[in-house]
Amino acid sequence: MGCGVLAVLPGKKGFVLEKILQVLESEKNRGDDGSGLLFLKNGKFIVEKWAGTARDIPRHVFDNLMNSPTARKAELVLGHARYATKGKINLDNNHPVIASKGNTSIAIVMNGEVSFTERWRETALSKGIDLHGSTNDSVACAAKILMEFIEGRHLNNALLEFYKQAFPFGGFTILGALIEGKKGHFFYLREGLRPLHFTEFNGSRIFFSETSHARGLGEAKALEVPAGSIGVLDLKKEKWKKTNVGKKLKGTSLRALCPYEIAYFQNYDSKVNGLTVDNIRRDFGRELAREHPPEAGSVISWIPNSGINATQGYFEKALDIQSGVKFRQVITRREESRKRGERSFLGYKSMSLDEKLKRKFKILFPEVKGEKVVLIDDSIVRGSVAAWLSKKFKKSEAKSVSLFLAWPPMIGGCKAGIDLDDSELIAPKLLKVRDIVKNQEKLEKKLSEKGFRHKRFGLVKFNAVRYVSVSGVKKVFAKHLKGRICTGCFEGNYSYIHKGNACCPPKWLVEFIEKNKVEKPKELK
């Protein structure tokens, strides 16, 4: 799941519910399918879940928490904002998810996705572990940690064993709580693909997904929790035990941040390696301009809000190449959509597609009359926004309308936490994947000459469609990211094993499995 996770360890002054909800609401860019909070005090959980973002919390739930001594004086609070990728969208599958047996329980909030977890779920149920109605991969991960702990491992070792068994098969950032009788522990795990940060505020310690989620916490400085790390805190003794996974496991056991996190998912003002995401996205746009400069006199505009940063970089570089270009906003985002932070390929599922896009965008037709327009977006996934805009711009009096994209063609879905499915992607429907990877220009030519057909809006056609190249994007990441990145969605080289590539898994992960004696799922045997 491309979700937002939150943990609060309140200091002596406590941490008010309104502030917790404020931080959780700041994570709405990572999930509006559902929200949840867990409060731990003296070995007891209180859990509340609801549909929508933090600000959609039902009044009676808010009042119950305000009047609860456990919630008001909690030793630990876990929070979650969910986009669903595994499991049905219902309250049982909202996080926190819980696995328990006897007087021992594990509760987690998770950002990411792990494949082949059905085996853990089945084993847990056979051992009488209660999964409390959840059916997603996250609760199977909670159950795996619990089973390792029950088998006699100290919590640190149980978490390390889980990390070892899960790492080859997905990406995960997990915040959690263990209850054993009246004993309570907080823990975190991060393998690297999904973000996690930490700060202190008024004596409280707070963990959250992106640096921008620290907004509203004054001058609190957000620090990155290192990839390949595990931390455990005894809530009574206030004693930490931290593990550097790289020193415990053989081979490569951590990853760099998911590239698509930066290209699309993260807030533009979040920071990665000290640079804002905005800065990196501008580099995508600059690279796009190097490869596909505009014609003289072109009007450069963005598709809001996802294309703004890349467009700014594109225009800056385009001016170096071609002085006769103009920068003009020809599409605006309606205020209500902006306030709710609605995403075009995710979210607000009850509306029809046409209603969603009418609610989101307004085209300023007088701005394009007689112009050669170049629209820039960060990427094209399901093609719905492009299809709707193509239909609308047919009514305009523009000389031409082109679509330039600051991300290579999407050729594969994500199985590690971003809601992308192979069957919904545009490019593989037009050409074989190997042809797209080998010759991107062939896809661009086909899109420019013939377009593609959208099930709702019919024929989608622009005067030209251009993508930044795989080599161009990799050049930007080489500049800004350290470590092995996953290029599965645009190059087919996944940094984890899933059902689609189980027949030919990455060699370095096969070596990891053999060196660390990882239990193989039946698909790999």
Side-chain angles (χ1 to χ4, degrees), residues 259-260 263-264 281 283-295 298 300 302-303 306-307 310-311 313-314 318 344-345 372-391 393-394 400-415 418 420-477 485-494 500-501:
Y260 202 59
Y264 179 86
R281 287 177 184 166
D283 271 358
F284 293 151
R286 294 182 185 106
E287 195 61 36
L288 180 64
R290 288 188 191 97
E291 297 177 359
H292 303 293
E295 293 182 37
S298 294
I300 311 300
W302 64 77
I303 297 176
S306 53
T311 306
Y314 183 93
S344 53
F345 85 88
K372 292 178 286 186
V373 181
V374 176
L375 300 176
I376 295 179
D377 207 354
D378 59 350
S379 61
I380 184 169
V381 182
R382 296 168 182 146
S384 296
V385 173
W388 188 82
L389 290 174
S390 169
K391 178 182 176 183
F393 271 101
K394 285 176 184 175
S400 64
V401 181
S402 299
L403 178 64
F404 285 18
L405 301 155
W407 191 254
M410 305 286 278
I411 62 168
C414 179
K415 308 298 186 296
I418 303 295
L420 300 175
D421 188 84
D422 292 14
S423 64
E424 298 175 303
L425 302 178
I426 293 298
K429 294 177 181 178
L430 301 174
L431 284 176
K432 292 180 179 180
V433 167
R434 64 173 179 269
D435 291 336
I436 297 170
V437 174
K438 186 178 179 180
N439 188 354
Q440 189 170 296
E441 291 179 4
K442 189 175 181 180
L443 175 66
E444 293 172 344
K445 184 178 180 181
K446 188 165 188 176
L447 284 168
S448 300
E449 293 179 353
K450 297 184 178 180
F452 69 91
R453 189 157 292 278
H454 188 270
K455 62 182 178 181
R456 172 64 182 82
F457 299 118
L459 180 65
V460 181
K461 194 170 183 303
F462 293 90
N463 293 88
V465 177
R466 299 288 184 266
Y467 293 88
V468 72
S469 67
V470 168
S471 60
V473 162
K474 291 172 83 171
K475 185 195 303 182
V476 174
F477 283 121
I485 64 170
C486 180
T487 63
C489 66
F490 63 91
E491 198 177 31
N493 295 325
Y494 290 91
N501 70 347

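Values in this document were obtained by computation on a predicted structure and should not be read as measured data. Computed from heavy atoms alone, side chains included, the values below leave out hydrogens, waters and symmetry copies.
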*asked:* Going by the rule side chain to side chain contact (heavy atoms under 4.5 Å, CB included), which residues pair with Lys438 if we only count those two or more places apart in sequence or in a different chain?
replied: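 In terms of side chain to side chain contact (heavy atoms under 4.5 Å, CB included), with neighbours along the sequence ignored, Lys438 is linked to no residue.
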*asked:* Holding to side-chain hydrogen bond (donor to acceptor under 3.5 Å, both in side chains), I want the full list of residues that pass it with Arg286, two or more places apart in sequence or in another chain.
replied: Asp283, Glu316
Is it the case that the side chain of [X] and the backbone of [Y] share a donor-acceptor pair, with hydrogens and angles ignored and the cut-off at 3.5 Å?
X	Y	value
Ser402	Val374	no
Lys446	Leu430	yes
Glu295	Lys372	no
Asn463	Val401	yes

Pairwise side-chain contact, [X] with [Y], heavy-atom cut-off 4.5 Å (strictly under):
X	Y	value
Leu443	Tyr467	yes
Leu405	Val468	no
Ser379	Phe490	no
Asp422	Lys415	yes
Lys429	Phe452	no

Can you tell me how far [atom2] of [Y] sits from [atom1] of [X], rounded to the nearest 0.5 angstrom?
X	Y	atom1	atom2	value
Glu444	His292	CD	NE2	4.5 Å
Lys450	Leu447	NZ	CG	11.5 Å
Ile485	Phe477	CD1	CZ	5.5 Å
Lys445	Leu431	NZ	CG	11.5 Å
Phe457	Leu389	CZ	CG	9.5 Å
Ile300	Thr311	CD1	OG1	8.5 Å

*Selection residues 453-475 - residue pairs positive for salt bridge (Lys or Arg N to Asp or Glu O under 4.0 Å), sequence neighbours left out*: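 Every salt bridge (Lys or Arg N to Asp or Glu O under 4.0 Å) pair that includes a residue of residues 453-475, provided the two are not neighbours, is Glu287-Lys475, Asp354-Arg456, Lys474-Glu491.
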*Identify the residue among Ile376, Val385, Ile303 that makes a side-chain contact (heavy atoms from CB on, under 4.5 Å) with Leu403.*
Ile303
What is the minimum heavy-atom distance between [X] and [Y], and which atoms define it?
X	Y	result
Pro409	Ala427	CB-CB, 4.1 Å
Val460	Ala387	CG2-CB, 3.3 Å
Pro428	Val433	CB-CG2, 4.2 Å
Phe462	Ala386	CZ-O, 3.4 Å
Phe284	Ala406	CB-O, 3.8 Å
Pro408	Val473	CD-CG2, 3.5 Å

*Dump the intermediate steps for ring-ring contact (aromatic ring centres under 6.0 Å, His included) on Tyr314 and Trp302, then the final yes or no.*
CA-CA 10 Å; Tyr314 183 93; Trp302 64 77; over 10 Å; no
